[in-house]
A.B. asks: 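What follows is a structure written as structure tokens; I'll ask about it next.
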Amino acid sequence: MRTQRMMTTAALLMGMYTFPSVAQQPLQFTVKANEVKAPVAPHMWGIFFEDINLSADGGIYAELVKNRSFEFNAPLMGWNIPKETAANGNVLVVNRHDTHPSNPRFARITVTGTRSFDMVNEGFRGMGIKAGEQYNFSLYARQQGNTPVKIRVALVDESGKEIGNAAVSPVGSEWQPYKASFTASATVAKARLRVEFSGPGILDADMISLFPQHTWKERSNGLRADLVQLLADLHPGFLRFPGGCIVEGKELTNRYQWKKTVGDVNDRELIINRWNTEFAHRATPDYFQSFGLGFFEYFQLAEDIGASPLPILNCGMACQYNSGEVVAVNELQPYIQDALDLVEFANGDTHTKWGALRTKMGHPEPFHLEMLGVGNEQWGPQYVERYTIFAKAIKDKYPDIKLVNSLGPSPDGDKFEFLNDTLRRLNADILDEHYYSSPEWFLSNAGRYDHYDRKGPKIFAGEYAAHTKDNGANKNSWQAALAEAAFMTGLERNTDVVTMASYAPLLAHVDGWQWAPDLIWFDNLRSYGTPNYYVQKLYANHKGSEVVSMLKGNQVITGQDSVYASAVLDKTTGELVLKMVNAAATPVPVEVAVRGVKGLAASGRLITLQSNDLQALNSLETPTHIAPTEKTIDTRHKTIKTTMAPWSFYVIRTKINP
């Protein structure tokens, strides 16, 4: 019976079945508003950030110059020398690794004549420039010899026409920072930066940079405002960073090391991004990590958007899909020390070593770190061995820190079962489950947590997304979003077990992605939330504080008659909040009787996310093609009546009368 019901619901979502226009009798649901089942964790619905799909450099980090310090494997990648100026000089890349190991290279430009020698930076799939916006250019430079080289910079459009320029005149033989600003005269999606050197003479240059003046919170050299605003609008309860697979690296030498991402931006050591060559069909050879977006900026971002920070650290294991490299157990101490020092960086007093660095960076107040992840998608006895050592060291010094632990890359199978059994016996705090699967899987698993052990570890649905195939590419279709909305009723209904959940991945550049689907897409100028984004937003913005029973007969609502549902109370506003999904191709009338209250307000709010086309998408051109709409709904007489549209997600809020 259960199997048949799951198959029928899946077929409904696929649009394979047709039915009469409306069932003759409404479905009868009951909400027991006086029976609180569990509190909703304040950080229940969050976001997961990983530097994939040009999410950081070329994305949320607003730097416009690619390879600004000449540290890519090919030192001049991203730069080209126009033929018309090539005869006027040359550029050498000098390596000073012995004295500057974190930023070893710089460019030595020799201008041989009276005409300029030019270098042009292509940006990250171009540079998005807006008319009327101020842009701030900077570099470090020093003169060689007695004849000074002057610098003129210009933004140029696709045809080479200038749309803004400025000049700087470096002096002296010591490294110094130089800055200039100008206002762009046109909006261009794929502009380039031309740097003109005029002599004759020799000049050394490094950290050649261009930022928009307008960034998130107007911070100098900060984050791209529109992308952060989309994150802030989610009102996320937590921010998990920096990944994801990015934590592990293909090999341990290329793992993410947080200490190399804090302090002076000029001294942060660039490394290759592991997604550079991960997928042959989406190879991105110019994908590196400058760490301008580093751990301080992640913590700051979490604070800005009201999210609890959840950093994930390497546990001495590289990606097991790639090299499978591990550090010997007797050499784990530096990895463990990194974890202990991170807690001090986040929470330590200003007089501690790492708390002092946080203070120097402009944040004397602690970041209130409460959770820490040990490894990402690791599996096997080797992970348990290393986790056990990490857990003891961290808990001995910081007993209140909750640890998030891997259950491997899949929600079932031998790897999952081994870790699930083992970590439960070890009384782990939080188990991180990941599921990338079909819409049918999400529909069929809406009741996954209804029978989980209530006394065991909490669950973090750390990475999930419904994947559909359309001409070989996963897309953020309404079909996928609707299935996720149905699955999330089961997460919400079981908040005594599931304490956190986050969709993945978060961001993707339309011209530079490696993985799809993704929650938010962007180009150099624009961005939009997918239908999946609006599902996440509706859950997070209508989170509530306590779960109450919502039943059909005596059963939780997990797809019977194609409907999925959950209910919460919002103690702050004194409201009842219902979430219902209709996965059928036909309208479904429902009547919800609310028990255990004296009454409801005469009317409430009905917020609907719906499309008659399961394959419908949002896009840069139609960013809100599928987006929530709102109207008033009658809620008097303690009964809420509505007819759910085909393929729809409903959120209903109504005041409870005292």
Side-chain angles (χ1 to χ4, degrees), residues 53-68 78-79 119-139 151-168 179-196 207-233 265 286 290 292-293 297 301 304-305 506-513 518 520-530 533 618-624 627:
N53 306 317
L54 300 189
S55 292
D57 293 341
I60 201 169
Y61 183 50
E63 171 67 83
L64 295 172
V65 175
K66 180 167 66 181
N67 193 15
R68 61 188 177 185
W79 297 90
M119 296 176 63
V120 177
N121 190 272
E122 65 189 21
F124 300 90
R125 309 304 184 271
M127 299 179 179
I129 304 300
K130 296 181 179 179
E133 178 82 47
Q134 178 177 313
Y135 291 87
N136 301 323
F137 172 80
S138 65
L139 86 162
I151 299 173
R152 181 180 183 273
V153 295
L155 279 171
V156 297
D157 66 15
E158 293 94 329
S159 68
K161 179 183 177 182
E162 285 194 10
I163 59 172
N165 64 77
V168 295
K179 300 178 181 180
S181 298
F182 55 90
T183 300
S185 60
T187 296
V188 178
K190 294 184 180 293
R192 293 164 294 149
L193 180 70
R194 187 174 66 224
V195 185
E196 305 170 358
M207 293 296 290
I208 300 175
S209 174
L210 186 71
F211 276 87
Q213 172 66 26
H214 174 53
T215 59
W216 174 255
K217 289 188 176 291
E218 308 302 331
R219 292 195 180 106
S220 177
N221 297 359
L223 304 183
R224 184 169 151 175
D226 64 320
L227 293 180
V228 180
Q229 188 62 59
L230 282 168
L231 304 186
D233 290 345
V265 172
D286 59 342
S290 73
L293 173 61
E297 290 78 17
L301 173 61
D304 285 349
I305 61 179
L506 182 64
L507 295 167
H509 193 301
V510 297
D511 295 327
W513 60 273
D518 305 284
I520 296 166
W521 288 81
F522 62 93
D523 66 8
N524 292 338
L525 292 172
R526 300 167 294 173
S527 55
Y528 71 92
T530 60
Y533 171 88
N618 291 348
S619 67
L620 290 169
E621 290 70 32
T622 57
T624 57

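We count residues from 1, following the sequence as given. The figures that follow rest on heavy atoms only: side chains count, while hydrogens, waters and symmetry mates do not.
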A.B. asks: Just wondering, do Phe137 and Lys179 contact through their side chains at under 4.5 Å, heavy atoms?
C.D. replies: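 The answer is no, as the side chains (C-beta and beyond) never meet within the 4.5 Å cut-off.
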
A.B. asks: Listed by chain and number, what are the side-chain contact (heavy atoms from CB on, under 4.5 Å) partners of Arg194, not counting sequence neighbours?
C.D. replies: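 Counting only residues at least two positions away or on another chain, Arg194 forms a side-chain contact (heavy atoms from CB on, under 4.5 Å) with Asp118, Val120, Arg152, Ala154, Val156, Glu162, Glu196.
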
A.B. asks: Contact between Phe211 and Glu63 at the side-chain level, heavy atoms closer than 4.5 Å - yes or no?
C.D. replies: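 A side-chain contact under 4.5 Å exists here.
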
A.B. asks: I need the minimum non-hydrogen distance between Ala62 and Pro212, along with the two atoms involved.
C.D. replies: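 Heavy-atom minimum between the residues: O-CD, 3.5 Å.
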
A.B. asks: Which pair of non-hydrogen atoms, one from Leu64 and one from Asn121, has the smallest distance, and what is that distance?
C.D. replies: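 Heavy atoms of Leu64 and Asn121 come nearest at O-OD1, 4.2 Å.
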
A.B. asks: Report the residues that fulfil side-chain contact (heavy atoms from CB on, under 4.5 Å) with Arg219, sequence neighbours left out, ordered by chain and then residue number.
C.D. replies: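 In terms of side-chain contact (heavy atoms from CB on, under 4.5 Å), with neighbours along the sequence ignored, Arg219 is linked to Thr215, Trp216, Lys217, Gln300, Asp304.
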
A.B. asks: Sequence neighbours left out, what passes side-chain contact (heavy atoms from CB on, under 4.5 Å) with Lys161? Give chain and number order.
C.D. replies: Asp157, Ser159

A.B. asks: Once salt bridge (Lys or Arg N to Asp or Glu O under 4.0 Å) is applied, what residue pairs with a partner in residues 124-133 remain, sequence neighbours excluded?
C.D. replies: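 Passing the test, one end in residues 124-133: Arg125-Asp286.
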
A.B. asks: Of all the heavy-atom pairs spanning Val65 and Ile208, show the shortest one and how long it is.
C.D. replies: CG1-O, 3.3 Å

A.B. asks: Ignoring hydrogens and angles, state whether a donor on the side chain of Thr530 or Asn618 is under 3.5 Å from an acceptor on the partner side chain.
C.D. replies: no

A.B. asks: Checking Tyr61 now: which residues fulfil side-chain hydrogen bond (donor to acceptor under 3.5 Å, both in side chains) with it, not counting sequence neighbours?
C.D. replies: Arg68

A.B. asks: Among residues at least two apart in sequence or on other chains, which ones pass side-chain contact (heavy atoms from CB on, under 4.5 Å) with Glu218?
C.D. replies: His214

A.B. asks: List the atom of Ile163, the atom of Ala186, and the distance in Å for their closest heavy-atom pair.
C.D. replies: CG2-CB, 3.9 Å

A.B. asks: Roughly how far apart are Met127 CE and Lys66 NZ, rounded to 0.5 Å?
C.D. replies: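 Between atom CE of Met127 and atom NZ of Lys66 there are 9.5 Å.
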
